[in-house]
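Remarks on the structure that follows.
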Amino acid sequence: MSTPKKLPFHLTNTLSRKKEEFTPLNPPHVGLYVCGPTVYSDVHLGNVRSFTTFDVLYRWLSHIGYTVRYVRNITDVGHLVDDVDAGEDKIAKRARLEQLEPMEIVQKYTNGFHDVMRLFNVRNPSIEPTATAHLIEQIGMVQRIIDNGYAYVVNGSVYFDVPKFAAKHNYGELSGRRIDELLTNTRDTEGMDEKRSPLDFAIWKKAEAGHLMHWPSPWGEGFPGWHLECSVMSTKYLGMTFDIHGGGMDLKFPHHECEIAQSVAADGQAPVRYWMHGNMLTVNGRKMAKSEGNGFTPEELVTGNHKLLERGYSAMTVRFFMLQSHYASTLDFSNAALQAAEKGLEKMMAAVVTLAALKGGDGPASAEVAALEQACYDAMNDDLNTPIMIAHLFDGVRMINSANDGKLALSREDIARLNGLFNAMLFDVLGMRKEEEARGDDGALEGVMRLIIEMRSEAKATRNFALSDRIRDQLAAVGISIKDSKEGSTWDRK
RNA sequence: GGUCACGUGGCCGAGGGGCUAGGCACAGCUCUGCAAAAGCUGCUACAGCGGUUCGAGUCCGCUCGUGACCUCCA
C-alpha cells in the first residue's frame with residue numbers, strides 16, 4: 001500500500017516575499033518563535049486568528065515528522081503608549097485605573113489568555129517565557145549593542161542608532177522600507193528630543209517618576225524597549241539563528257524589523273531564516289484591533305451578546321471559519337459566513353460519525369482514497385493551505401456519505417485509511433474538537449436517549465406517528481435532533 | 001503624502017496563462033409514514049478599460065474602489 005509523500009514543506013518567507021522550500025537548520029529539530037500577547041487587556045478574535053494560524057503550523061510541522069521547539073512569549077512589561085499618555089506604561093496605566101498591582105493585571109490577563117487558548121483548542125507552546133523574567137538578558141543585549149557602537153545613552157535612556165546601522169546593514173529588508181523614505185514620513189514620538197535621528201528607537205527607557213514597572217540597570221532605573229524582549233527570548237531558547245519567526249502582519253514594521261537590527265547589532269547574526277506573517281481579521285472591512293474598539297471577546301462570541309453578533313457561535317465553529325481562508329489573506333468577519341462555516345462543520349463531523357460505523361467490503365484500497373490522502377498533504381505543504389485541504393476533506397465527506405447510501409463501494413482498507421486521514425487532518429492538524437468533548441457530557445444522556453429512541457421506534461412500528469412525531473418535536477424544542485434511517489434512528493445535540 | 005496588498009458567482013472563500021475548487025444559500029429529483037439527513041442535477045463568476053499571447057480570472061499598463069503599514073496593536 002502506498003503512503004502519502006509528506007515532504008517537503010513550502011512556506012512564504014516574508015524576507016524574500018516568495019514561497020520557499022523549508023529546510024530546518026538542524027533537522028529534525030525546528031525552532032519556532034511567535035510573538036505572544038501583551039497582557040494588559042482581554043485578547044480578541046483577531047488575536048485568536050493569529051495564534052490559531054501558528055498553532056496549525058506547529059501541529060503541521062510536528063505531524064510531518066519534525067521535533068519542534070515552539071516558543072511563544074508573554075509580554076508583561078508593557079510598552080509606551082502614544083503621546084497623549086507620554087511616558088506612561090500601558091500596564092501601569094491600567095493598574096492605576098483598576099487599583100491593582102501591575103503584576104496582578106499581568107496575571108489576570110495571562111490567565112484569561114490561557115483560558116481562551118484552551119477554548120479554541122490552541123496547543124501550549126514548548127516554552128512560554130515572560131519579559132519580566134528576562135531582564136538580565138535584556139540588559140545584557142543592550143550592553144552588547146552599545147559595545148558594538150550601535151546604540152547611545154542619553155539621560156538614562158538607550159537608543160538604537162538606526163542610520164549608523166543602516167550604513168552597514170540592510171535595515172528595512174523585511175518590511176521593504178527605505179531609510180530615506182522613512183525619514184520623510186516620521187512623526188513625533190516619545191523621546192524625540194533625545195534621539196539623534198527620528199528613526200532611532202529606545203532599547204532601554206528611563207523610568208519617569210510614578211512609573212510603576214522599572215528595574216535597575218547600568219543606565220539607571222528604567223525598563224526595556226519595545227522590541228527587545230523578543231530578540232532576547234527567541235535567541236536565548238532557539239539559538240542565535242533559528243528557523244521560523246511568526247507574528248501578525250502589523251508587527252512586520254517596526255517590531256520585526258527592529259528585532260533583526262538588534263540581533264545583528266548585538267551578535268552579528270541575522271536571527272531568523274523564515275519570517276511568516278499572518279493577515280488580519282477584519283470587521284466590515286476594517287482591521288479588528290484594540291484601538292478600533294471593534295473586537296469581541298470569546299465570551300461575547302459564545303453567548304452572542306454583542307451588537308455585531310446575531311447569535312452565539314461555538315469556538316470550534318469560529319476556528320473552522322478561520323481555517324477556511326488562507327492565513328495570508330485578510331478574513332472578513334460576518335454572521336452569514338460564520339453560519340455557513342457552522343453548517344459545513346456539522347456536516348463534516350456527522351460524516352466522521354458515519355465513517356466510524358461503516359463496514360467495508362473485501363478488496364484493495366481504491367486509488368481515490370490514496371489520491372485524497374496525497375492531496376491533503378500537498379495542500380498543507382503548499383504554504384499551509386488549509387482551505388484547500390478542507391475542500392479535499394469535503395470530497396472525503398461525499399465519499400463517506402455515498403458509501404453509507406450504498407452508492408459507492410469502499411473496502412475495509414479504504415475505510416481504515418479514511419479514518420486515519422480524518423483523525424490526522426481534522427483533529428490533529430486543524431485542531432478541531434468534537435463539541436461533546438468540549439461540553440464534557442457524561443454517559444447518562446446517552447443512556448436516556450437510547451431508551452427514548454427505542455420507545456419511539458416501537459411507536460413507529462405500530463404506526464403511532466402522532467406519538468413518534470411528538471417525541472421528535474419535543475426533543476427538537478430542547479435542542480436534540482432525531483434523524484431516522486433504514487438502520488434506525490440517531491440523535492444529536494444542536 | 002510614502003510604501004504595499006486586494007477587488008472572484010446570491011454570500012463566504014481557494015486558485016493564479018489552456019484543466020470541476022470547496023462550503024453556505026437556492027431550485028428540481030431520489031430515498032422516506034412525515035420530517036431531517038444524505039445522494040444526484042442545475043445555477044458556472046473573476047471591478048472597468050486597454051495591451052501581451054494561439055489562448056488571460058491568472059501576465060503588463062491605466063482607471064475606479066477598498067484596506068494595511070508608516071504610531072502600541074496578532
Side-chain angles (χ1 to χ4, degrees), chain A residues 17 34-38 40-41 43-54 75 78-83 85 90 172 175-178 180-182 184-190 226 246-255 277-282 285-292 295 320-321 324-326 328-348 350-351 354 379 382 385-395 397-398 400-408 460 463 465 468-469 472-473 476 481-486 489-490 492:
Chain A
R17 290 161 190 79
V34 171
C35 291
T38 307
Y40 62 80
S41 64
V43 288
H44 58 69
L45 216 54
N47 303 305
V48 171
R49 185 189 185 199
S50 187
F51 296 123
T52 300
T53 293
F54 296 109
T75 295
H79 293 159
L80 285 172
V81 293
D82 61 26
D83 45 10
D85 309 297
K90 271 191 175 172
S175 54
R177 317 266 155 171
R178 290 175 33 182
D180 48 338
E181 284 167 357
L182 286 168
T184 61
N185 283 309
T186 49
R187 300 180 199 181
D188 285 1
T189 52
E190 168 65 14
W226 294 257
M249 207 78 112
D250 47 359
L251 296 179
K252 207 183 338 179
F253 189 89
H255 185 58
H277 290 95
N279 217 321
M280 300 292 109
L281 181 70
T282 59
R286 297 202 156 270
K287 174 186 171 183
M288 184 181 283
K290 283 168 186 168
S291 52
E292 294 265 345
F320 193 67
F321 159 70
Q324 273 191 291
S325 79
H326 188 82
S329 302
T330 55
L331 173 63
D332 197 53
F333 168 89
S334 74
N335 283 279
L338 247 347
Q339 282 160 28
E342 186 177 74
K343 291 291 286 287
L345 179 59
E346 276 172 18
K347 183 176 171 179
M348 189 167 288
T354 302
D382 183 13
N385 201 327
T386 54
I388 292 287
M389 198 271 264
I390 289 170
H392 290 311
L393 287 183
F394 274 112
D395 288 340
V397 167
R398 184 169 298 111
I400 291 163
N401 287 329
S402 293
N404 192 45
D405 284 1
K407 290 172 178 164
L408 176 73
K460 281 173 60 177
R463 302 193 67 79
F465 296 126
S468 69
D469 288 354
R472 187 172 61 199
D473 293 346
S481 63
I482 294 281
K483 289 168 191 167
D484 298 336
S485 74
K486 289 184 282 290
S489 303
T490 58
D492 199 6

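Keep in mind the model is a prediction, meaning the values are calculated, not measured. Here is the naming used below: chain letters follow the sequence lines, and residue numbers restart at 1 for every chain.
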Query - Among B:A14, B:A74, B:C70, the nucleotide that comes nearest once only the side chain of A:F253 is considered - result: B:C70
Report task. Give the rounded distance in Å between these two atoms: NZ of A:K252 and P of B:C72. Result -> 17 Å
Query raised in the report: Between A:T386 (side chain) and A:Q324 (backbone), is there a donor-acceptor pair under 3.5 Å?
Result: no
Query raised in the report: Between B:G13 atom C1' and A:M389 atom CE, what is the distance in whole Å?
Result: 16 Å
Query raised in the report: How close or far is atom P of B:C24 from atom CD of A:Q339, stated in whole angstroms?
Result: 13 Å
Report task. Rounded to whole angstrom, note down the C1' distance from B:G42 over to B:U3. Result -> 47 Å
Query raised in the report: What about A:R472: does its side chain form a donor-acceptor pair under 3.5 Å with the base of B:A36?
Result: no
Report task. Look at the side chain of A:D395 against the base of B:G22 and say whether a donor-acceptor pair falls under 3.5 Å; ignore hydrogens and angles. Result -> no
Report task. Would you indicate, yes or no, if B:U32 has its OP1 or OP2 atom less than 4.0 angstrom from a side-chain nitrogen or oxygen of A:K483? Result -> no
**Report entry** Touch class at under 4.0 angstrom, heavy-atom based, for A:R177 against every strand present
**Finding:** base
Query raised in the report: Contact class for A:M249 vs. all strands (heavy atom < 4.0 Å): base, sugar-phosphate, or nothing?
Result: nothing
**Report entry** For A:K287, all residues meeting salt bridge (charged side-chain N to carboxylate O under 4.0 Å, His left out), sequence neighbours excluded
**Finding:** A:D250
Report task. To the nearest Å, give me how far apart CD1 (A:I388) and C1' (B:G23) are. Result -> 12 Å
Query raised in the report: Does the B:C34 base have a donor-acceptor partner in the side chain of A:D484 within less than 3.5 Å?
Result: yes
Query raised in the report: Base, sugar-phosphate, or nothing: which does A:K287 touch, judged by heavy atoms less than 4.0 Å apart?
Result: base
**Report entry** Under the 3.5 Å Watson-Crick or G-U criterion, the dot-bracket string of RNA chain B, with | for inter-strand pairs
**Finding:** (((((((..(((.....[...))).(((((.......)))))....(((((..]....))))))))))))....
Requested in this report: Could you check whether A:N279 gets within reach of a base, just the sugar-phosphate, or nothing at all, counting any heavy atom under 4.0 Å?
Outcome: base
Requested in this report: Decide if atom CZ of A:R463 counts as having more than 12 heavy atoms of other residues, nucleotides or ligands within a radius under 6.0 Å.
Outcome: no
Query raised in the report: Rounded to whole angstroms, how far apart are CD on A:Q324 and P on B:G13?
Result: 10 Å
Query raised in the report: More 5' along RNA chain B: A:A340 or A:S468, using each one's nearest nucleotide?
Result: A:A340
Query raised in the report: Looking at side-chain heavy atoms only, is the closest gap between A:F333 and A:L338 below 4.5 Å?
Result: yes
Report task. Using a cut-off of strictly less than 4.0 Å, decide whether A:N385 has a side-chain nitrogen or oxygen near OP1 or OP2 of B:G15. Result -> yes
Query raised in the report: Looking only at side-chain N and O atoms, does A:K343 come under 4.0 Å of OP1 or OP2 in B:A25?
Result: yes
**Report entry** Span that lies between the C1' atom of B:A5 and that of B:U20, in whole angstrom
**Finding:** 29 Å
**Report entry** Distance, rounded to the nearest Å, where A:D382 contributes CG and B:A21 contributes P
**Finding:** 18 Å
Report task. Indicate, with a heavy-atom threshold strictly under 4.0 Å, whether A:A391 touches base, sugar-phosphate, or nothing. Result -> base
Report task. Check whether any side-chain nitrogen or oxygen of A:R463 sits under 4.0 Å from OP1 or OP2 of B:C34, and answer yes or no. Result -> no
Requested in this report: Map A:F51 and A:S402 onto RNA chain B by nearest heavy atom, then report which one ends up closer to the 5' terminus.
Outcome: A:S402
Report task. Considering only atom P, compute the distance from B:G15 to B:C4 and round it to an integer number of Å. Result -> 22 Å
Query raised in the report: Looking only at side-chain N and O atoms, does A:R398 come under 4.0 Å of OP1 or OP2 in B:A38?
Result: no
Query raised in the report: Quick one: is B:A38 close enough that its OP1 or OP2 comes under 4.0 Å of any side-chain N or O from A:N404?
Result: no
Report task. Looking at every strand, decide which applies to A:L281 at a 4.0 Å heavy-atom threshold: base, sugar-phosphate, or nothing. Result -> base
Requested in this report: Would you mind telling me which of B:A74, B:C12, B:G13 lies closest to the side-chain atoms of A:S325?
Outcome: B:G13
Report summary line: Closest non-hydrogen atoms of A:M249 and A:N279, given as atom of the first, atom of the second and distance, are CE-ND2, 3.3 Å
Requested in this report: For B:U32 and B:C46, measure between their C1' atoms and round to the nearest Å.
Outcome: 41 Å
Query raised in the report: Within the structure shown, what part of the strands sits under 4.0 Å from A:I482 by heavy-atom distance: base, sugar-phosphate, or nothing?
Result: base
Requested in this report: Classify the nucleic acid contact of A:F465 as base, sugar-phosphate or nothing, counting any heavy atom under 4.0 Å across all strands shown.
Outcome: base
Query raised in the report: Just how far, in rounded Å, is C1' of B:A68 from NE2 of A:H255?
Result: 18 Å
Requested in this report: Would you please confirm or rule out a distance under 4.0 Å between OP1 or OP2 of B:A38 and any side-chain N or O of A:N401?
Outcome: no
Query raised in the report: Can any side-chain N or O of A:D492 pair as donor or acceptor with the backbone N or O of A:S481 at less than 3.5 Å?
Result: no
Report task. For nucleotides B:U8 and B:G67, find the distance between their P atoms and express it as a whole number of Å. Result -> 14 Å
Query raised in the report: What nucleotide among B:A14, B:C24, B:A74 has an atom nearest to a side-chain atom of A:K347?
Result: B:C24
Report task. Establish, with yes or no, whether the OP1 or OP2 oxygen of B:A14 is under 4.0 angstrom from a side-chain nitrogen or oxygen of A:S329. Result -> yes
Query raised in the report: To the nearest Å, how far apart are A:L331 CG and B:C11 C1'?
Result: 14 Å
Query raised in the report: So do the side chains of A:T52 and A:R49 get within less than 4.5 Å of each other, counting heavy atoms only?
Result: no
Query raised in the report: If you measure from the C1' atom in B:G23 to the same atom in B:U44, how many Å do you get, rounded?
Result: 16 Å
Query raised in the report: How is A:G285 classified with respect to the nucleic acid when contacts are heavy atoms under 4.0 Å: base, sugar-phosphate, or nothing?
Result: sugar-phosphate
Requested in this report: Looking at every strand, decide which applies to A:D469 at a 4.0 Å heavy-atom threshold: base, sugar-phosphate, or nothing.
Outcome: base
Requested in this report: For B:G2 and B:C62, measure between their P atoms and round to the nearest Å.
Outcome: 14 Å
Query - Side-chain N or O of A:R178 closer than 4.0 Å to phosphate OP1/OP2 of B:C4 - result: no
Query raised in the report: When we call it a touch if two heavy atoms are under 4.0 Å apart, what does A:M288 touch: a base, just sugar-phosphate, or nothing?
Result: base
**Report entry** Rounded C1' spacing from B:G9 to B:U30 in Å
**Finding:** 27 Å
